[in-house]
Novice: 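Below you will find the structure I want to go over with you.
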Amino acid sequence: MSAILFFFMLQSDLGATTYDKYCAQCHGEQGDGQGIATEFVMPRPRNFTTGVFKFRSTQSGQLPLESDLEKVVREGIRGTSMPSFAQLGESEIKAVVAHIQGYYQAVIDRDKEEGFYPPKVAEMGNPPKVTDALITHGREVYLQSGCGDCHGYEGRADGPSSLTLKDDYDESILPANLNRGWEFRAGHELTDIFRAFTTGLSGTPMASFADAIPADDRWALASYVQSLSVGEEPTASAQVSASIVDQLPESMDDPLWDSAPEAYFPLTGQMMWAPVNHQPGVRSVTVKALHDQSSVALLVSWDDPSFSVAGAEAPGGADEEDDWGFETEEEDDFGDFFDEEPAAQVDADQFAIQFPSGFPAPNERPYIVMGDGSNPVNLWRWVQDGSLASQQAPAEAQSGHANLWTEYKGNVSLSSELAKGRNQISALSDGTPLKGSVHYLNGRYHLMVTRTLLTDSEDEVQLEVGKFLPILFWAWDGHRNEKEAMGNLSAWFFLRLEQPVDRSVYVKTAGAAFLTAILLLWAIRAARDSSRQEPSEVVESAT
Amino acid sequence: MNKINWRRFWVVLGLLLVAGWSMADGVGDIPPYRQFGGMSSRNIVWIVAQVKLMFAAFILGVPMFAILIEYIGMLTKDEKFDKLAKEFIKLSLIAFSATATLGAILLFLLITLYPSFWNYMSGVFAPTMWIYPVLFFAESFTLYLYWYGWDWLSGNKKKWHLMLGILLNVFGTALVVLTNAWATFMMTPNGIDMDTGSVISVWEAINNATWQPLNIHRLIANAVFGGAIAGAYAGFRFLTAETDEQRAYYDWMGYIGNFVAVSVFLVLPFAGYWLGKEIYDHNQQMGITLMGGFLSWLWIIQAIMIGILFLSANFYLWVGMERIEGAERYKKYIKYLLIVLLVCVLVWATPHSLVASLEEARKMGGTHHPLLGVLGVMSAKNTAVNLMILTTFLSFMLYRRGNKEATVPWRVKGMTAQWFVLGLAATFVIYLGVKGYFVDAATRIGYAPKQVLAVLLAIVVFTSMDIALFKNAKIVGRIRWGTIPARAQYALFLLAITFCWLMGLMGYARSALRQHWHVYGVMRDTSPDAFLPTLGQASFKISASVIIFLLMTSFVMWLGSLGSKKADGPKGRGWKGLLVFSKVTVFGLAVIFGFVIFANRIPQVEHRPPMELSADQDVFSMDKAEVVALGEQVFYGKGTCALCHGIGEAGPRAPDLKPVGKLASQHKPDLTTSQYIIESMVDPGAYIVEGYGNIMPAVNRPPISLSAQELFVVAAYLESLSGDITITKDDVPAQAESAAADAGPALTFGDPAKGREIFFGKGICFTCHMVGGEGSPAGIGPELTEIARINTADYIKESILEPTKVVVAGYQPIMPPTLGDSLTAREFNDLMAFMMSLNGEVSQ
Amino acid sequence: MIRNPLFQAFLLMVGAYIFYTYGIAVLSKPIPSSLVTQYMGITLGVVFLYMASSNDVWSEFKRPIYETLLGLTPTHRTVRLVALIAIPLFVGYRTYMGVKPSTQAPPPFRTVHPANPESISFNGKTISMITQANPLRADAAQYESHVAVGKRVYYQHCFYCHGDTWAGDGHFARGFVPKPAKFTGDETLAILTESYVFWRIAKGGPGLPREATPWNSAMPAWEGRLSEDEIWSVIMYLYDAIGKEPRSQSSVGEGH
């Protein structure tokens with residue numbers, strides 16, 4: 001008896017100590033989501049005392065199972081600050097979940113009284129076989145059910161109402177970007193996606209569709225959503241390789257671009273200098289490059305749910321009567337993308353490509369945040385100035401959503417800047433040979449930049465063919481008031497301009513082969529000589 | 001090669017002349033460095049010192065075992081041993097004058113090219129530098145006496161001859177020990193005032209932290225080196241020998257050389273560990289440079305070379321078994337020994353962090369391989385080297401019993417016991433090696449000596465039992481001296497070349513440890529050569545030293561053989577000698593080429609001295625980017641400028657300095673930008689930006705005391721913020737250079753503790769000011785926590801007595817000017833003492 | 001043919017190559033080509049030594065080569081002809097691969113632990129890297145409160161890169177090359193003195209010595225953003241959290 005009691009005490013003690021060591025910094029010592037790190041994580045940590053949990057296997061409105069919570073502790077939540085604590089071991093995980101349940105004991109008691117406790121597992125059924133027809137059907141369900149109103153026409157969280165969404169705390173929340181399956185909080189498996197439609201994500205605008213959409217359609221929808229992306233984030237490329245073309249493409253629609261390999265680079269919020277960006281708005285870029293030995297063209301693409309021109313009124317933010325706290329909080333469906341407080345006014349979207357200035361050596365890289373006094377960088381920067389012409393969206397989009405999606409397209413001007421640190425940026429003289437064009441559609445930016453390989457200014461980067469040129473990417477989402485050093489950046493990678501194989505390579509190759517042949521002939525001759533001189537000692541004399 | 005030698009000859013001749021001039025000059029300023037033509041002083045000294053060191057190692061190492069062999073000869077009455085000892089001494093005799101000449105060249109090079117350094121070293125070690133020539137003199141004469149007295153002191157006078165030999169070794173060892181003191185002092189200086197460099201105790205300077213470890217390390221290494229070179233000499237004579245008798249003799253001599261080299265070599269790694277440990281214990285910075293930092297890749301080359309040494313030594317023994325009748329019984333063990341050696345060499349040469357492209361690194365999950373990364377740490381390395389030692393020992397033991405059969409009645413039990421001892425030692429070594437992964441670092445370090453002890457103990461026990469076992473053993477076959485295959489001789493060459501190169505490599509490592517210091521932490525190398533070259537570049541210099549040494553050695557040996565030709569045998573072997581020599585040369589060059597290739601394939605890092613200002617650095621002609629970087633350092637560091645100023649934003653008390661380079665024309669049109677900036681620093685009151693108080697101290701005076709060089713770099717940094725750098729040396733006023741020196745003493749005669757009471761009491765200062773978080777938080781008056789760091793006593797005094805004269809921007813001129821009247825003189829001094837103690841570090 | 005040492009050596013080398021490239025990959029993870037080359041070099045040397053260690057094996061080893069060179073039989077002559085063509089072609093191919101413009105990014109090399117300077121200037125105050133111990137450890141009674149301060153600093157400024165469990169895997173770590181430092185294990189904190197850690201935190205990537213380039217480190221210099229006490233506190237917290245002791249200063253400072 002006493003042994004059981006002791007074990008029980010040990011258990012609860014284990015839960016408390018584990019919680020204090022690993023959980024309290026974010027979720028608060030009282031389980032209220034108010035820890036010392038609360039402001040710095042994305043999204044805001046769960047407040048356990050409300051008993052509202054997003055990721056459940058239970059029916060809408062009910063509490064999660066213990067196994068649901070254990071799964072989150074064990075595996076973490078993808079795309080958020082919640083890491084996997086698998087290394088804690090099963091007994092600790094069970095103990096800490098028991099401890100956490102203590103924080104919403106009141107909710108458990110209430111549900112018990114109302115007869116909702118223990119919670120009931122939501123009906124799932126069996127997943128169907130995914131076929132193209134099912135996916136096509138899912139696409140229809142997607143548009144007909146209004147998913148695109150929030151998640152966007154192509155699923156990039158750019159739907160017309162996405163910026164006005166609020167969570168239970170009446171704070172702004174963005175829908176998931178369905179093109180980034182690795183950030184689906186509850187997982188990218190077909191059943192994970194289906195479960196999210198079925199149970200809903202409590203506390204967010206993502207409601208349960210268990211009643212509104214029949215199960216078969218939900219499976220179709222799930223297969224469509226799953227088909228939009230992969231479940232694991234692509235590995236960062238090591239370099240952008242630019243192959244040689246006779247003539248650089250005039251525009252980003254040129255079919256020449258199709259043959260260029262695409263490089264993927266993750267971005268993070270700038271965390272090295274204050275003010276830091278804890279809630280990164282742009283999380284990756286893809287890059288292609290081509291060159292014709294005198295100029296280089298780069299085609300960069302990144303997701304941004306909002307087209308932001310500086311000074312524009314922020315949707316959903318302007319007519320708020322209450323004064324918002326300085327911290328943001330929002331949760332959302334299985335992929336709440338960012339924590340964002342729409343300010344009254346937005347800043348401009350921006351993009352920049354950073355190189356070491358001058359002739360870069362592959363083994364010398366300036367400090368990644370815009371270099372420093374002794375190692376400056378050259379920035380090629382585009383700032384959204386509202387000059388892009390808006391156009392009709394593609395025909396398909398017009399069916400039923402005629403005025404919801406707009407396309408922006410046009411030539412833009414870029415500036416070349418010399419930076420000696422984040423706050424020492426000076427524009428380089430005019431006449432820069434940078435040319436650019438931008439295309440924005442369905443939550444995705446495409447930026448094409450061309451420049452001559454060499455310029456007259458020694459502060460600008462000089463691109464040499466065949467060299468590994470350090471390159472780094474910056475992106476700013478104006479809607480999230482990202483500007484100056486508070487942006488998103490990649491690590492240093494390489495840009496490599498393919499080099500035509502020159503004649504000396506063939507000369508060296510032929511030379512080596514020829515010398516080897518001579519050596520072999522000499523060996524044959526030497527063997528013959530020695531056998532002639534001392535036929536009996538053919539073998540011995542070699543030593 | 002000849003060409004280079006000639007060039008070197010002219011260089012040396014020229015240097016001697018220069019040396020003569022500089023002595024004739026007598027008084028006058030001695031420059032810290034001289035260059036010779038377009039050549040790098042460092043490279044000349046490097047190569048000459050390395051070649052000299054190799055010669056010295058040879059002439060000190062050879063007599064060590066010559067005397068041993070002579071003693072064995074005396075005991076066994078075997079003429080062969082006496083002849084061998086004599087031949088060894090002949091070798092060292094002919095190398096002796098080359099060593100002395102090289103020593104003189106090195107000395108002159110140091111005096112002429114590094115005068116300040118040499119001046120300092122001779123100042124510290126003056127007494128020992130008198131002892132050195134005396135010892136050298138004594139050694140030379142003992143050597144002559146030993147050599148020429150060989151026949152005279154024979155027979156029953158042999159013991160006197162042996163005494164002479166011992167004396168020779170005593171003198172030789174004393175010489176090494178003495179010069180080691182100079183070399184180790186440069187690494188781990190001792191017995192001096194670390195700030196001024198002045199001598200406190202010469203004995204302490206000699207007895208520095210790494211002196212004894214290096215003495216031991218070098219004595220052992222010299223013996224190995226002597227053995228290896230003698231072995232290679234024998235190998236060459238074997239290949240060119242005309243008669244069977246000669247072949248038999250030189251075969252045997254090569255065997256003895258190899259035996260000496262390898263058996264002494266077995267303990268060398270332990271001496272190396274001791275030296276490394278002393279270095280790490282003495283200075284973490286050096287330790288990290290050596291093991292984890294700049295030099296970490298060097299150990300991979302070293303590992304490959306040590307692998308070659310072990311493999312070729314074993315190979316020589318195995319091939320040698322071909323000439324022992326009866327040894328074929330043991331040939332079947334070779335493959336097992338080789339497998340152990342292979343595994344050990346692979347482990348030994350596995351780097352901890354691997355050279356991998358980004359894709360490769362991703363595939364293995366980082367720069368450390370999950371499996372092989374484990375082999376990169378000390379536990380694995382120690383285990384591998386101990387097992388290699390045991391294996392090599394075993395090879396030798398098998399060789400030794402090749403033609404013998406034990407006759408003692410307990411032979412089966414005895415041999416079983418021997419195997420048991422060996423197996424036990426190996427198991428223990430592996431056990432500790434594995435256990436090393438599961439304990440903390442301090443315990444792990446303690447395992448290394450235990451492993452060594454186990455191995456040494458096993459060797460001693462095994463050998464003692466072996467001696468007893470094979471007493472009166474039955475000889476089952478004879479040793480056919482002279483029938484060893486030629487390829488075994490190449491193993492001897494490989495051993496000698498690898499050892500030479502390894503010695504050069506370790507010389508580089510030991511010198512590179514000092515980084516940009518002549519005397520570590522005391523005397524900085526400010527010459528253009530202060531950087532450390534990459535391993536690839538170093539490999540060329542090491543190779544040059546090795547090639548020069550081997551060619552010179554071949555030459556003196558050829559000279560030596562001229563005299564003995566007639567006695568040795570018929571003439572007419574010139575062509576054969578030349579043929580063998582060219583074959584061996586091609587082989588040697590190929591080996592060295594291989595080392596160079598390998599050294600150039602691993603990551604190349606050049607160690608540049610840190611960008612710091614030192615008193616004798618010529619910042620005025622330095623690269624602009626470096627000047628700016630230095631200026632930035634001073635701005636945020638010693639200059640404490642950022643306490644008041646901001647860059648790109650207004651500071652707490654003073655203007656934004658980002659546009660300062662453009663403001664000169666607005667503020668002071670008659671000054672250039674650089675003149676304006678310098679004036680603002682040395683005479684801050686000359687122009688006050690509107691809205692700010694005249695509170696800035698002259699930064700070339702205490703407490704900040706920037707030197708002229710520091711003023712220069714800060715000004716250059718400020719200019720670089722908004723435009724081009726235009727400042728030149730002339731813009732820095734001459735008086736700025738001396739201003740730092742005429743610093744008045746800070747007020748110290750008051751009692752800061754009492755002053756604190758006045759601050760928080762009678763003086764009521766705390767009602768407006770804050771100090772270290774105490775006082776008025778309302779911000780009525782400026783925060784004073786760091787006032788002594790950013791301003792002078794005069795300024796503080798003035799601010800107390802005439803508070804409205806200078807008012808910090810953003811504050812009201814409301815401080816009452818009555819303190820001077822209300823406080824007594826003593827109280828005022830106490831308050832001042834308290835203010836001067838406020839340097840940002842609040843005392844409770 | 002199986003008994004011939006030359007053939008056996010060839011088989012051994014092929015086996016070794018398969019083991020180094022595929023075998024180790026199966027057992028664990030693949031090893032980089034630089035290491036395969038090194039291992040193959042060592043193995044080649046050892047196999048060669050084995051073949052040369054006995055007179056009989058050595059002559060058997062060389063015999064086929066000699067016979068081929070001399071062209072004793074028609075078969076030998078054919079082999080010789082093939083070798084005469086194939087070997088130069090192979091050498092040419094290797095040369096071509098070696099000298100043609102490289103398409104693979106150079107390996108990111110970094111010095112694991114760059115040597116620290118003698119002393120650093122922290123906000124104008126000189127801190128010796130050789131003698132300076134963590135001043136906050138002097139008062140053992142305050143240990144818990146310093147660790148608590150350190151924990152706050154860590155979770156406000158460090159954990160988003162260095163991770164909740166100190167393993168260098170915070171939620172921003174995905175964007176960095178190289179990855180943020182991992183504090184657990186035996187390779188970082190456990191073998192460093194606290195003054196070394198202080199230096200790395202205070203001066204960050206920009207303060208690395210020049211031989212450490214290209215470090216690529218995104219680590220900021222915290223000198224301007226954290227106070228001296230905050231840095232010492234976070235160091236105390238880290239050692240407390242990972243359960244390791246810092247390398248001691250006592251043995252380091254001798255003689256200076």
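Values below: every heavy atom of this structure, side chains too, minus hydrogens, waters and symmetry copies. Just so you know, these numbers come straight off a predicted model, no measurement behind them. All chains are named by letter (A, B, ...) in the order of the sequence lines, taking the proteins before the strands, and each is independently numbered beginning at 1.
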Novice: Between A/Ala523 and chain C, with a heavy-atom cut-off of 4.5 Å, which part of the residue counts as in contact: side chain, backbone, both or neither?
Specialist: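 The answer is both parts of A/Ala523.
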Novice: Find the distance between CZ (C/Arg94) and OG1 (A/Thr509) and round it off to the nearest 0.5 Å.
Specialist: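 These two atoms lie 12.5 Å from each other.
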Novice: With A/Arg422, which residues qualify under salt bridge (Lys or Arg N to Asp or Glu O under 4.0 Å), at least two apart?
Specialist: none
Novice: Tell me, for A/Glu233 versus chain C, whether the close heavy atoms (under 4.5 Å) come from the side chain, the backbone, both or neither.
Specialist: side chain
Novice: Could you check whether any side-chain heavy atom of C/Pro220 comes within less than 4.5 Å of a side-chain heavy atom of A/Tyr367, counting everything from C-beta outward?
Specialist: yes
Novice: I need the C/Phe159 CZ to A/Ser81 OG distance, nearest 0.5 Å.
Specialist: 5.0 Å
Novice: Taking ring pair (Phe, Tyr, Trp, His ring centres under 6.0 Å) as the test, write out the residues that go with A/Trp474, two or more places apart.
Specialist: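 Once residues adjacent in sequence are excluded, the partners of A/Trp474 under the ring pair (Phe, Tyr, Trp, His ring centres under 6.0 Å) criterion are A/Trp476.
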Novice: What part of A/Arg528 gets within 4.5 angstrom of chain C, counting heavy atoms only: side chain, backbone, both, or neither?
Specialist: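 Both parts, heavy atoms under 4.5 Å.
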Novice: In terms of heavy-atom pairs under 4.5 Å with chain A, which of C/Gly92, C/Ala52, C/Gly71 leads?
Specialist: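 Winner by heavy-atom pair count: C/Gly92.
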Novice: Tell me the residues of residues 73-85 of chain C whose non-hydrogen atoms fall below 4.5 Å from those of chain A, in number order.
Specialist: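 C/Arg80, C/Ala83, C/Leu84 fall under the 4.5 Å cut-off.
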Novice: How many angstroms lie between atom CE of A/Met272 and atom CE of C/Met219, to the nearest 0.5 angstrom?
Specialist: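 Rounded to the nearest 0.5 Å, the CE-CE separation comes to 10.5 Å.
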Novice: Side-chain contact test, heavy atoms from C-beta onward, threshold under 4.5 Å: evaluate it for C/Pro88 versus A/Leu520 and give yes or no.
Specialist: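 With C-beta onward as the side chain, the pair touches.
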Novice: Nearest heavy-atom pair of C/Thr165 and A/Gln87: which atoms, and what distance?
Specialist: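 Scanning both residues, the minimum pair turns out to be CG2-NE2, 2.7 Å.
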Novice: Taking the side chain as every heavy atom from C-beta outward, state whether C/Phe176 and A/Pro266 have any atom pair closer than 4.5 Å.
Specialist: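 No; the side chains remain at least 4.5 Å from each other.
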Novice: Can you check side chain to side chain contact (heavy atoms under 4.5 Å, CB included) on C/Phe172 and A/Met42, steps first, answer last?
Specialist: CA-CA 10 Å; C/Phe172 277 11; A/Met42 57 170 202; 4.1 Å; yes
Novice: What distance do A/Ser530 atom OG and C/Leu70 atom CG have between them, rounded to the nearest 0.5 Å?
Specialist: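 Output value for this atom pair is 7.0 Å.
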Novice: Considering only heavy atoms and a distance below 4.5 Å, find which of C/Pro206, C/Ala241, C/Ala221 pairs most often with chain A.
Specialist: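 Highest number of pairs under 4.5 Å: C/Pro206.
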Novice: With rounding to the nearest 0.5 angstrom, report the NZ to NZ distance, C/Lys151 to A/Lys21.
Specialist: 8.5 Å
Novice: A side-chain contact here means heavy atoms from C-beta on lying under 4.5 Å apart; do A/Val276 and C/Arg225 qualify?
Specialist: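 Sidechains of C/Arg225 and A/Val276: in contact.
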Novice: Using the ring of each side chain (for Trp, its six-membered ring), is A/His278 parallel, tilted or perpendicular to C/Tyr160, with breaks at 30° and 60°?
Specialist: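 Aromatic pair A/His278/C/Tyr160 classed perpendicular.
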Novice: Is chain C contacted by the side chain of A/Phe514, its backbone, both, or neither, given a heavy-atom distance below 4.5 Å?
Specialist: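 Answer is neither: A/Phe514 stays 4.5 Å or more from chain C.
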Novice: If the condition is ring pair (Phe, Tyr, Trp, His ring centres under 6.0 Å), which residues does A/Phe85 pass it with, not counting sequence neighbours?
Specialist: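 A/Phe85 satisfies ring pair (Phe, Tyr, Trp, His ring centres under 6.0 Å) with A/Tyr22 once adjacent residues are dropped.
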Novice: Tell me if a side-chain donor or acceptor on C/Arg174 pairs with a main-chain N or O of A/Leu267 at a distance below 3.5 Å.
Specialist: yes
Novice: Evaluate whether atom CD of A/Glu75 has more than 12 neighbouring non-hydrogen atoms of other residues, nucleotides or ligands under 6.0 angstrom away.
Specialist: yes
Novice: Apply side chain to side chain contact (heavy atoms under 4.5 Å, CB included) to C/Asp164 and A/Met82, showing your working.
Specialist: CA-CA 9 Å; C/Asp164 255 314; A/Met82 176 74 192; over 6 Å; no
Novice: Between A/Phe265 and chain C, with a heavy-atom cut-off of 4.5 Å, which part of the residue counts as in contact: side chain, backbone, both or neither?
Specialist: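 Looking at A/Phe265, nothing touches chain C.
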Novice: Return the minimal non-hydrogen interatomic distance between A/Tyr506 and C/Tyr96, and the atom names on each side.
Specialist: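 The answer is CE2-CE1, 4.0 Å.
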Novice: Would you call C/Leu69 and A/Arg525 a side-chain contact if the rule is heavy atoms closer than 4.5 Å?
Specialist: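 No; the side chains remain at least 4.5 Å from each other.
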Novice: What part of A/Gln499 lies closer than 4.5 angstrom to a heavy atom of chain C: side chain, backbone, both or neither?
Specialist: both
Novice: Give the member of A/Cys26, A/Ala238, A/Pro83 that has the highest number of heavy-atom pairs under 4.5 Å with chain C.
Specialist: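 The option with the most such pairs is A/Pro83.
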Novice: Please evaluate residues C/Val177 and A/Trp492 with respect to the criterion side chain to side chain contact (heavy atoms under 4.5 Å, CB included), reporting the C-alpha separation (whole Å), side-chain torsions for both, the decisive distance (0.1 Å), and the verdict.
Specialist: CA-CA 7 Å; C/Val177 181; A/Trp492 279 115; over 6 Å; no
